[in-house]
There are 2 protein chains.
Amino acid sequence: MKKKRPSLKDIADALNISTTTVSFVLNGKGEEKKISKELIAKVEAHLKEINYKPNLVARSLRTGSTRVLVFMVEDISNSHFSKVGRIIEDISYKNDYRVLFCSTENDVKRTQDLIHLFHERQVDGFIIVPPPGIEKEISYLLENEVPVVLFDRKIPELEADYVIINNFEGAKQSTQHLIDSGYKNIAFITIDLDQIQMHDREAGYIAAIEEAGFSPNILKIPYDTSNIPSSREKIKKFIKESKDIDAIFFATNYLSQSGLKCIHQIDAKLINKLGIISFDDSNFFEMYSPTVSAFAQPVDEMANQLMKIMFNKLKNKEQAVSSKLVLEGTLVTRESSLKK
Amino acid sequence: MKKKRPSLKDIADALNISTTTVSFVLNGKGEEKKISKELIAKVEAHLKEINYKPNLVARSLRTGSTRVLVFMVEDISNSHFSKVGRIIEDISYKNDYRVLFCSTENDVKRTQDLIHLFHERQVDGFIIVPPPGIEKEISYLLENEVPVVLFDRKIPELEADYVIINNFEGAKQSTQHLIDSGYKNIAFITIDLDQIQMHDREAGYIAAIEEAGFSPNILKIPYDTSNIPSSREKIKKFIKESKDIDAIFFATNYLSQSGLKCIHQIDAKLINKLGIISFDDSNFFEMYSPTVSAFAQPVDEMANQLMKIMFNKLKNKEQAVSSKLVLEGTLVTRESSLKK
DNA sequence: TATTGTATTTTATACGTTTAAAAAATCAAA
DNA sequence: TTTGATTTTTTAAACGTATAAAATACAATA
């Protein structure tokens with residue numbers, strides 16, 4: 001039996017008072033608005049009795065605020081993003097905000113749609129991992145004074161706040177570590193996509209390699225096929241054909257996943273001969289021999305900073321301070337990067 | 001400069017027509033409502049020109065529908081759930097629905113809050129991995145004719161639809177496979193939580209073990225600590241103290257993660273001596289030697305069936321057919337479960 | 001010319017809240 | 001017993017949309 005949910009009006013009628021009074025009590029403004037103690041008590045009792053739940057859609061229409069934030073990432077099932085998302089979710093809930101997650105697949109069109117869609121839905125703020133080419137929509141949001149914080153990548157041309165990590169240093173440091181461990185022919189496997197953070201990682205790799213007097217050896221995998229067989233074939237071919245490679249630095253966690261699988265398929269013993277570092281850490285890297293070294297992003301700190309900036313924007317819509325954070329990651333050295 | 005978003009009224013005024021006409025054209029009901037071709041064209045041109053975006057909050061208030069679904073799981077950063085979530089997200093977007101993800105942490109209180117919260121927000125449907133003790137809230141939703149589909153676990157007392165897998169068979173089959181591979185002392189590591197799917201897995205394990213004339217050897221880890229050191233200590237202690245164990249069957253993916261790490265920490269060679277099967281597959285299981293056998297849930301099929309049932313409910317609010325699906329998983333045998 | 005029908009467009013209201021402004025009630029002082 | 005001040009409560013409008021019902025315009029028919 002579907003019973004209509006009671007509205008403020010129903011309550012007002014039942015108690016023979018006005019909706020205004022009920023609304024004031026509901027929002028804890030009873031005292032402030034000088035509603036008499038007895039009436040407040042009466043209304044509160046009734047609200048509790050019928051277990052009243054306000055219609056938040058109506059409230060949003062009236063107030064213009066939804067208390068909903070959006071967290072738009074490349075792929076929410078990527079553990080790096082889902083971990084950050086999980087923390088953001090927790091912080092938001094504690095502050096009485098909800099979070100919508102969604103995956104852009106790094107596709108501009110899809111991201112544009114999503115941004116408009118959520119903007120139409122009046123969400124209060126956006127945390128976005130921006131795909132290349134999305135500048136216009138971000139500007140649009142900024143112009144409309146919608147709180148936006150970029151994550152994982154910045155857009156240099158834009159005056160948007162962001163929280164990213166120092167990709168150049170991370171990659172350089174990781175590469176340097178391999179060099180220090182005695183590897184001489186270090187390959188870099190990355191994604192063929194025009195994204196600033198990938199460029200930075202590549203640049204960091206190249207910087208370290210060239211400083212050491214080696215020459216770069218880079219394999220670029222098409223983005224959209226990173227998960228499917230054809231790209232695995234590319235990786236395998238690359239590894240097999242460059243016989244002299246003694247170490248590999250994977251530019252992202254999903255590449256190291258694919259890559260490790262490839263290495264294993266080529267020869268189960270091969271992993272013991274290669275130096276390996278992955279950009280992005282994983283739980284699984286400590287589960288087998290050799291344990292896998294990784295450049296770990298400060299997931300917790302990232303999420304916390306993102307939310308700090310976001311709440312700041314939500315509170316002081318006007319005098320928002322510009323917050324552009326570049327955090328440092330940590331190189332976690334494990335067995336895979338020691339000299340074999 | 002924050003410009004007020006144009007409303008139907010603004011458009012109507014600009015064109016000197018009524019909001020009704022604009023609304024009809026906007027919703028593609030122009031012809032049906034016999035608006036003249038010229039006027040339709042004029043309105044459409046104007047809509048496009050000012051790049052009009054309707055206020056979906058207002059629309060929701062008016063229509064009572066938000067075109068938002070909620071996907072509530074134990075932990076959205078658990079890859080099993082985030083994978084299913086990802087597919088659900090895709091299917092929903094294709095059908096012009098959005099999805100809210102959230103994590104219940106298996107906590108009744110939190111889940112109750114979430115359910116009410118989203119119900120107040122008028123979401124159109126719920127897909128829920130129900131924690132124990134949540135019967136009342138689910139009933140509440142059902143009584144109010146809110147579309148609900150349970151996932152991963154059913155609630156036997158409730159007439160709610162669900163999509164689950166045959167946990168008993170999966171566990172039995174997995175255990176049987178270890179037995180067939182010649183293991184004689186197979187331990188089962190599970191979570192100490194009163195959940196039907198965990199009971200089923202345990203029962204499946206016990207059934208296979210007893211049929212073979214062996215005796216069960218079960219370790220139960222407290223739920224909320226499954227990720228933290230103390231539970232790892234428990235697992236390590238258990239493995240070390242039962243010297244005669246020759247195989248371990250992990251009841252969930254996060255347990256196999258912890259467990260494999262423990263095994264590695266005890267002795268890097270140990271994994272080569274133990275038979276291992278994990279309930280739930282993972283990308284990482286093919287990356288090292290030995291590759292790890294797993295009982296894989298049909299992630300794709302689950303997500304598709306869930307959405308099929310959900311859309312069915314959303315369309316025919318009245319004559320909803322009862323849909324209770326028990327899907328079968330697949331045992332993926334890899335090196336870890338072959339006789340050593 | 002009056003009537004009917006058809007095609008087109010508008011008026012008016014509702015959804016459930018919030019809140020400024022107005023009104024009513026109460027009380028104290030003159 | 002009127003006046004003014006204060007306290008308490010209500011009226012009324014607004015947010016932006018959708019739609020039933022009414023209204024208008026126009027042509028065709030009797």
Side-chain angles (χ1 to χ4, degrees), chain A residues 2-44 46-47 50 52-68 117 119-124 144, chain B residues 2-44 46-47 50 52-67 119-124 144:
Chain A
K2 182 156 184 173
K3 9 174 182 174
K4 173 185 164 298
R5 299 238 319 254
S7 69
L8 281 190
K9 178 114 190 8
D10 296 326
I11 296 172
D13 288 351
L15 297 177
N16 242 303
I17 56 177
S18 76
T19 59
T20 303
T21 307
V22 183
S23 175
F24 284 157
V25 174
L26 177 66
N27 295 328
K29 295 189 182 169
E31 295 211 27
E32 177 192 334
K33 297 294 183 175
K34 320 245 185 186
I35 310 287
S36 62
K37 301 239 178 303
E38 308 84 59
L39 190 47
I40 293 186
K42 189 168 146 197
V43 174
E44 280 178 342
H46 191 252
L47 287 178
I50 67 166
Y52 172 73
K53 306 280 177 191
N55 180 325
L56 297 187
V57 172
R59 178 178 287 172
S60 288
L61 177 59
R62 174 60 222 231
T63 62
S65 139
T66 52
R67 298 197 81 80
V68 170
L117 215 137
H119 185 47
E120 286 163 41
R121 278 221 155 64
Q122 324 288 124
V123 302
D124 290 356
N144 284 61
Chain B
K2 183 158 184 173
K3 9 173 182 176
K4 173 184 164 298
R5 300 237 323 253
S7 68
L8 282 189
K9 178 114 191 5
D10 298 326
I11 295 172
D13 289 351
L15 296 178
N16 244 302
I17 56 176
S18 75
T19 59
T20 304
T21 306
V22 184
S23 174
F24 283 157
V25 175
L26 177 66
N27 295 326
K29 295 189 180 169
E31 295 210 28
E32 176 192 334
K33 298 294 183 174
K34 320 244 185 187
I35 310 287
S36 63
K37 300 241 180 303
E38 309 84 59
L39 190 48
I40 293 186
K42 189 168 146 196
V43 174
E44 280 178 343
H46 190 252
L47 287 178
I50 67 167
Y52 171 73
K53 306 280 175 189
N55 180 323
L56 297 189
V57 173
R59 179 178 286 173
S60 288
L61 177 61
R62 175 61 222 234
T63 62
S65 139
T66 52
R67 298 197 80 81
H119 186 46
E120 287 163 41
R121 278 222 155 64
Q122 327 287 123
V123 302
D124 290 357
N144 283 58

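Just so it is clear, the model here is predicted, and its values are computed rather than measured. In what follows, chains are A, B, ... by sequence order, proteins preceding strands, each numbered from 1. Heavy atoms only: backbone and side chains are in, while hydrogens, waters and symmetry mates are out.
In this structure, B/Ile40 places its CD1 atom 14 Å from P of C/dA7, rounding to the nearest Å. Protein atom CZ of B/Arg67 is 16 Å distant from nucleotide atom C1' of D/dT17, rounded to whole Å. For the pair B/Ile11 CD1 and D/dT17 P, the interatomic distance rounds to 7 Å; values are reported in whole Å. In this structure, CG of B/Leu8 is placed 16 Å from C1' of C/dT11, rounded to the nearest angstrom. As a whole-Å value, the separation of A/Arg5 CZ from C/dA14 P is 20 Å. Summarising the geometry, the separation between CG on A/Asn16 and C1' on D/dT10 is reported as 13 Å, rounded to the nearest angstrom. Atom pair B/Lys9:NZ and D/dA18:P shows a separation of 16 Å (rounding to whole Å applied). The distance from atom OH of B/Tyr52 to atom P of D/dG16 is 9 Å, rounded to the nearest whole Å.
The side chain of A/Ser18 lies closest to D/dT11 when the candidates are C/dT18, D/dT11, D/dG16. Out of D/dT17, C/dT17, D/dT8, the shortest distance to the side chain of B/Arg62 is found at D/dT17. Here the side chain of A/Leu61 is nearest to one of D/dT10, D/dC15, D/dA18, namely D/dC15. Considering only side-chain atoms of B/Asn55, the nucleotide from D/dT17, D/dT19, C/dG16 that sits closest is D/dT17.
Side-chain atoms of A/Thr20 come within donor-acceptor range of the base of C/dT19, with a qualifying N/O pair under 3.5 Å.
Among the protein residues, A/Leu56 comes within range of no part of the nucleic acid, since none of its heavy atoms lies under 4.0 Å from any strand. In this structure, A/Thr21 reaches the bases: a heavy-atom distance under 4.0 Å links it to at least one base atom across the strands shown. Within 4.0 Å (heavy atoms only), B/Ser23 reaches at least one base atom of the nucleic acid.
Of the two residues near DNA chain C, B/Thr63 and B/Ile17, the one whose nearest nucleotide lies more 5' is B/Ile17. Each of A/Thr19 and A/Lys33 has a nearest nucleotide on DNA chain D; the 5'-most of these lies closest to A/Lys33.
Side-chain contact between B/Arg59 and B/Leu56 is present, with at least one heavy-atom pair separated by less than 4.5 Å. Looking only at side-chain heavy atoms (C-beta outward), A/Lys33 and A/Thr20 stay at 4.5 Å or farther from each other. At least one side-chain heavy atom of B/Tyr52 sits under 4.5 Å from a side-chain heavy atom of B/Leu26.
Checked options B/Val25, B/Asn27, B/Thr19; the residue passing with B/Ser23 is B/Asn27 (criterion: side-chain contact (heavy atoms from CB on, under 4.5 Å)).
Of the side-chain N and O atoms in A/Arg59, one or more sit less than 4.0 angstrom from OP1 or OP2 of C/dT18.
B/Val57 approaches A/Gln122 most closely through the heavy-atom pair CG2-CG, 3.2 Å. Taking each heavy atom of A/Ser60 and A/Ser65 in turn, the nearest pair found is OG-O, 3.1 Å. Residues B/Asp10 and B/Arg5 approach most closely at OD2-O, 4.1 Å, considering heavy atoms.
For A/Arg121 (side chain) and B/Thr66 (main-chain N/O), a donor-acceptor pair under 3.5 Å exists by modelled atom type.
A heavy-atom distance below 4.0 Å to DNA chain C is reached by these residues of residues 25-32 of chain A, ordered by number: A/Asn27, A/Lys29.
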